[in-house]
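These notes concern the structure reproduced below.
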Protein chains: 2
Amino acid sequence: MGEGNTYLCKACACSSVSVFKSLSNEEHELLSSKLKCNFYKKGDILYREGSRITGCYCVQKGVLKIYKTGIDEKPQIVAFARPGDITGYRSVLSNEVACTTVEALEDSEICFIPSEIIFALIKKNSDFALSLIQLTCKELNQANSYIKDIAQKTVRERLAETLIMLYETFNVDAEGYITINLTREDLSSIVGTATESVIRILSELKSEGLLELKGKKIKILDLKKMKLISDSIF
Amino acid sequence: MGEGNTYLCKACACSSVSVFKSLSNEEHELLSSKLKCNFYKKGDILYREGSRITGCYCVQKGVLKIYKTGIDEKPQIVAFARPGDITGYRSVLSNEVACTTVEALEDSEICFIPSEIIFALIKKNSDFALSLIQLTCKELNQANSYIKDIAQKTVRERLAETLIMLYETFNVDAEGYITINLTREDLSSIVGTATESVIRILSELKSEGLLELKGKKIKILDLKKMKLISDSIF
DNA sequence: AAAAAAATATGACATTAGTCAATATTCAAT
DNA sequence: ATTGAATATTGACTAATGTCATATTTTTTT
């Protein structure tokens with residue numbers, strides 16, 4: 001892990017897509033003067049479910065997987081975080097122990113933002129507070145949708161949905177492969193099924209001409225049909 | 001439905017458990033001067049998924065069920081609202097159409113709070129904003145937990161969990177029956193399963209001495225054992 | 001109170017998805 | 001390049017759960 005430093009973190013403090021977009025120049029200064037940017041290697045744990053955290057984490061570079069631990073230590077992935085996203089703010093704001101474990105999926109640069117700063121910004125800037133509320137509301141709605149899907153759809157439908165989500169979240173490389181490396185096990189802990197089922201259905205979808213597989217890389221060949229499957233229409 | 005009126009709504013404006021606890025006297029005045037309290041009959045719909053709403057709803061009396069509509073119009077219950085709870089704030093704050101349908105489970109009195117008031121209060125009072133953030137964070141965490149459970153637990157385990165949740169949320173009457181009337185179908189749309197499965201497992205649990213059933217009324221006889229089942233230990 | 005509608009209950013059966021075991025492949029470290 | 005470990009794959013089997021049909025009971029309406 002690299003040492004912390006205090007330069008202005010472009011991905012979080014400045015990004016127009018991030019929750020920090022409503023900060024004034026002065027507030028940006030305050031924020032960036034307190035940031036500590038750290039390097040995490042693939043597989044590193046930022047924090048574990050149940051531990052106390054003293055600030056939030058903002059992704060500058062890389063990808064994080066965020067999961068809860070269930071029966072027999074089986075992880076359930078509930079979200080990813082990409083550059084511009086923040087994580088840990090829930091526990092910070094509610095002053096509770098972390099409700100998820102966060103792990104770097106690839107080598108990543110992550111800024112740490114101490115709790116006080118977040119609280120100070122909420123106090124100072126009601127637009128920032130509103131952005132935070134909107135962010136959590138959006139995530140809450142997504143979570144509720146996923147509850148509905150996981151309760152009502154088949155594994156095949158959920159896998160199709162997950163692939164589309166990954167496609168939309170991480171885009172594709174020059175060859176059309178989704179630019180994220182997940183193990184079959186990771187996929188199974190998003191979909192909520194056994195690893196073997198993911199493998200079987202992936203090759204099914206491949207033989208139906210919907211997918212191309214090259215190791216962990218996945219290319220969606222027929223997005224339209226994939227959406228139909230995901231919507232339980234097909 | 002009854003006519004709106006402007007008296008101070010005790011359940012929402014004053015409740016120390018509600019999100020409004022951090023309001024000043026002056027802000028309470030503002031809030032209660034704008035409230036409209038309405039009566040809804042059992043089965044009445046407050047608003048439907050996809051419709052525009054212009055404020056939030058605060059439960060004064062009664063119970064609301066909050067659900068998303070899935071495949072073949074099958075509802076998935078994602079929450080209940082009891083006196084002191086508010087609903088609709090997500091769509092209001094994000095300025096999006098309602099993401100759930102809300103229905104009165106029993107005859108209810110519900111206050112309507114226009115959007116402007118909510119926004120004004122966020123702007124004026126950062127503690128109120130923080131309360132709202134904390135509320136959504138708490139709900140988000142619950143939703144993520146439920147995703148984990150629904151993905152990893154069996155129907156039996158989830159039903160046990162649901163019964164415990166209902167027990168803790170709605171308490172029991174003098175005879176020990178949980179004080180909420182849900183159809184087996186309602187139960188199935190919480191648990192995420194077929195109605196027949198709920199019926200079967202309920203009578204299983206009854207024959208195992210864990211439950212007493214009297215029509216829709218449910219009494220948990222062995223909470224400890226029920227928790228073990230819910231935790232996949234038994 | 002009677003009739004109709006809705007909800008509950010049960011059995012038989014089909015389907016889905018999970019588990020276990022064996023093998024193959026890929027990846028990482030030396 | 002070689003070894004070992006992790007990951008992926010496949011098949012056989014089992015368990016869980018959904019679906020459909022039908023009967024019964026409860027609730028609501030007239």
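Below, read A as the first sequence line, B as the second, and so on, with proteins coming before strands; counting in each chain starts at 1.
- In this structure, Lys41(A) atom NZ and dA29(C) atom C1' are separated by 12 Å, rounded to whole Å.
- Spacing between atom CG of Asp72(A) and atom C1' of dG18(C) amounts to 13 Å, rounded to whole angstrom units.
- Comparing dT28(D), dC20(D), dC20(C) by their closest approach to the side chain of Lys42(B) singles out dT28(D).
- If you find the closest nucleotide of DNA chain C to Leu182(B) and to Ile201(A), the one lying nearer the 5' end belongs to Leu182(B).
- Atom-to-atom, NZ of Lys217(B) to C1' of dT8(C) comes out at 17 Å; the value is rounded to the nearest Å.
- Atom C1' of nucleotide dT7(D) and atom NZ of Lys214(A) are separated by 19 Å, given to the nearest angstrom.
- Distance check: Asn141(B) CG to Leu140(A) CG gives 11.0 Å after rounding to the nearest 0.5 Å.
- Each of Arg200(B) and Arg200(A) has a nearest nucleotide on DNA chain D; the 5'-most of these lies closest to Arg200(A).
- Salt bridge annotation for Glu49(B)-Lys148(A): absent, with no cationic side-chain nitrogen under 4.0 angstrom from a carboxylate oxygen.
- One interatomic measurement links the two molecules: CG of Leu187(A) to P of dA8(D), which rounds to 9 Å at whole-angstrom precision.
- In this structure, CD of Glu204(B) is placed 13 Å from P of dA9(C), rounded to the nearest angstrom.
- The residue Thr195(B) sits apart from the nucleic acid: no heavy atom pair falls under 4.0 Å.
- Comment: Lys214(B) engages Glu175(B) in a salt bridge, judged by a side-chain N to carboxylate O separation of less than 4.0 angstrom.
- Of the residues near DNA chain D, Gly215(B) and Ile199(A), the one whose nearest nucleotide (by heavy atom distance) lies more toward the 5' end is Ile199(A).
- Distance from the side chain of Ala194(A) is smallest for dT19(C) among the nucleotides dT19(C), dA17(C), dT17(D).
- Remark: Glu208(B) engages Arg156(B) in a salt bridge, criterion side-chain N to carboxylate O under 4.0 Å.
- Remark: C1' of dA6(C) and CG of Asn181(B) are 15 Å apart, rounded to the nearest angstrom.
- For Tyr40(B) and Glu103(B), the side-chain atoms include no donor-acceptor pair closer than 3.5 Å.
- Per the geometry, NZ belonging to Lys206(A) stands 14 Å off P belonging to dA8(D), to the nearest Å.
- Listed pair Lys216(A) / dA8(D) meets the phosphate criterion, a side-chain N or O lying under 4.0 Å from OP1 or OP2.
- Distance from the side chain of Ser197(A) is smallest for dG18(C) among the nucleotides dG18(D), dT10(C), dG18(C).
- In this structure, of dT10(D), dC20(D), dT17(D), it is dT10(D) that holds the atom nearest to the side chain of Glu196(A).
- When the nucleotides dC20(D), dA8(D), dT8(C) are ranked by their closest atom to the side chain of Thr183(A), dA8(D) comes out on top.
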